[in-house]
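Would you mind keeping the following structure in view while I ask a few things?
Convention: sequence-line order gives letters A, B, ...; per-chain numbering from 1.
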Number of protein chains: 2
Amino acid sequence: MNVPKTRRKGAAVTSPAVSSRDLPHPEPAEIRLEAVLHALSDPMRLRIVRELAADGDELSCSYFDLPVTKSTTTHHFRVLRESGVIRQVYRGTAKMNGLRRDDLDGLFPGLLDTLLDAAGRQAARVRDPGDG
Amino acid sequence: MNVPKTRRKGAAVTSPAVSSRDLPHPEPAEIRLEAVLHALSDPMRLRIVRELAADGDELSCSYFDLPVTKSTTTHHFRVLRESGVIRQVYRGTAKMNGLRRDDLDGLFPGLLDTLLDAAGRQAARVRDPGDG
DNA sequence: TTCATTGTACGAGAATCATCGTAGTTTGAC
DNA sequence: GTCAAACTACGATGATTCTCGTACAATGAA
């Protein structure tokens, strides 16, 4: 906590100083099923993952129009990243988010697709109660 | 903390004569995916569900030898019941627990099996640290 | 440089959660 | 009736979580 909170732009210390900031991601071997399930058990995060899956590509955080503040949005994306569900990378001022499909499919075959299907069925069920 | 393991799979009783105590269960239409995922995101509860699936039949609460107190065990079983993952019914002094397979398969096809498979893979992976 | 955009860090509050210990209830057996 | 087994209800505690507001940093463009 006593470390200088920020470095001025020109005051980069001895570090690779790649243009992008680095974000910690769990290795595949570190991804825990319980953490994945916990990450997806939040409605906001499940919604994010569904949109990412629907798009199929990377989406910036600002693409999502969630009914929470930006602080909370940052929090949810971090939970998804730290659980191994998404990969985040900076591109300019934007932070792009993509599903870790290959890693998840390798660890838990069929899980992501089954979960997405389940979420889709529930959305349809909730959206269409009874016979319209 | 030696839990006397009551016999599993009590002999089939031909005369049900349901007990006086009733336990509230969510209707299939009330089961929420988020609640199911949250229920299964706890290691203790995931373990319970895995044992229930491995046995294939009903098991009493006392059959499980969990590293927590009975109070906590009761809590976990209630979370599983209220989320719709298991069905609980009293039989004598015992409380029998069974997976709601049909209901879950109807709502979220393939989800339970995929989750159980994922949990099994992770257990094998953790138990056998081969590579990364 | 200045500015707007994008997202973060920090601190805080309220809610939820997992866990425990103790006391109590229900059932079945004696 | 008594007694033990199985499970619950209650209260408490410490940890985690979701949410927010404010202040700030990093980037790209003017």
Inset, instruction - Give a yes/no on whether any side-chain N or O of B:Thr74 is located under 4.0 angstrom from OP1 or OP2 of D:dC7. - result: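 No, outside the criterion.
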
Legend entry - Phosphate OP1/OP2 of C:dT6 contacted by A:Arg91 side-chain N/O (<4.0 Å):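 Negative; the distance criterion is not met.
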
Inset, instruction - Can you tell me the distance, in whole Å, between the CG atom of B:Asp42 and the C1' atom of D:dA15? - result: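 Distance check: B:Asp42 CG to D:dA15 C1' gives 13 Å.
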
Legend entry - Which residue lies more 5' along DNA chain D, comparing A:Ser41 with B:Asn97 via nearest heavy atoms: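 Taking each residue's closest nucleotide, the earlier one in sequence belongs to B:Asn97.
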
Legend entry - Atom of A:Ser83, atom of A:Val36 and distance for their closest heavy-atom approach: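 Scanning both residues completely, I find the closest heavy atoms to be O-CG2, 3.7 Å.
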
Inset, instruction - Determine: side-chain N/O of B:His76 to OP1/OP2 of C:dT19, distance under 4.0 Å, yes or no. - result: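 Answer is yes, contact under 4.0 Å.
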
Legend entry - Nearest-angstrom distance from the residue atom NZ of B:Lys70 to C1' of C:dT25: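 The distance from NZ of B:Lys70 to C1' of C:dT25 comes to 13 Å, rounded to the nearest Å.
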
Inset, instruction - Check for a donor-acceptor pair, side chain of B:Asn97 on one end and backbone N or O of B:Gln88 on the other, with a separation under 3.5 Å. - result: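 Here the side-chain-to-backbone pair does not exist.
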
Inset, instruction - Take atom CG of A:Leu37 and atom C1' of C:dC17, then tell me their distance rounded to the nearest Å. - result: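 From A:Leu37 CG to C:dC17 C1': 17 Å.
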
Inset, instruction - Please check the phosphate of C:dG7 (OP1 and OP2 only) for any side-chain N or O of A:Arg78 closer than 4.0 Å. - result: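 Checking C:dG7 against A:Arg78, no side-chain N or O comes under 4.0 Å of OP1 or OP2.
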
Legend entry - Length of the line joining A:Arg47:CZ and D:dC18:P, which is rounded to integer Å: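 The distance from CZ of A:Arg47 to P of D:dC18 comes to 16 Å, rounded to the nearest Å.
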
Legend entry - Separation of C:dG7 P from A:Asp22 CG (nearest whole Å):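 To the nearest whole Å, that distance equals 17 Å.
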
Inset, instruction - Would you mind telling me which of D:dC7, C:dC20, D:dT19 lies closest to the side-chain atoms of B:Thr72? - result: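 It is C:dC20.
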
Inset, instruction - Please state how far atom CD in B:Glu82 lies from atom P in C:dA18, giving the value in whole angstrom units. - result: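 That distance rounds to 12 Å.
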
Inset, instruction - Name the residue closer to the 5' end of DNA chain C, choosing between A:Thr93 and A:Ser71 according to the nucleotide with the nearest heavy atom. - result: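 The 5'-side residue here is A:Thr93.
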
Inset, instruction - Output yes when at least one side-chain N/O atom of B:Ser62 is less than 4.0 Å from OP1 or OP2 of D:dC7, else no. - result: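 Checking D:dC7 against B:Ser62, a side-chain N or O does come within under 4.0 Å of OP1 or OP2.
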
Inset, instruction - Find which nucleotide of DNA chain D each of B:His75 and A:Val79 is nearest to by heavy atoms, and output the residue with the more 5' nucleotide. - result: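 Going by which nucleotide is closer to the 5' end, it is B:His75.
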
Inset, instruction - Assess whether atom CZ of A:Arg101 is packed by more than 12 heavy atoms of other residues, nucleotides or ligands within 6.0 Å. - result: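 It does: A:Arg101 CZ has more than 12 such atoms within range.
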
Inset, instruction - Look at all strands and tell whether A:Ser60 reaches a base, only sugar-phosphate, or nothing, counting heavy atoms closer than 4.0 Å. - result: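 Here A:Ser60 touches the backbone only, sparing every base.
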
Legend entry - Whole-Å distance separating the CD atom of A:Glu34 from the P atom of C:dC17: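 Distance, rounded to whole Å: 17 Å.
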
Inset, instruction - Identify whether the distance between the nearest side-chain nitrogen and carboxylate oxygen of A:Glu58 and A:Arg87 falls below 4.0 Å. - result: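 No.
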
Inset, instruction - From the options C:dT6, D:dC20, C:dG21, select the nucleotide whose nearest atom is closest to the side chain of B:Thr69. - result: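 Among C:dT6, D:dC20, C:dG21, the one nearest the side chain of B:Thr69 is C:dG21.
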
Legend entry - Separation of atom CZ in A:Arg45 from atom P in D:dT16, rounded to whole Å: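 From A:Arg45 CZ to D:dT16 P: 15 Å.
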
Legend entry - Separation of A:Ile86 CD1 from A:Asp103 CG (nearest 0.5 Å):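 Taking CG in A:Asp103 and CD1 in A:Ile86, the distance rounds to 13.0 Å.
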
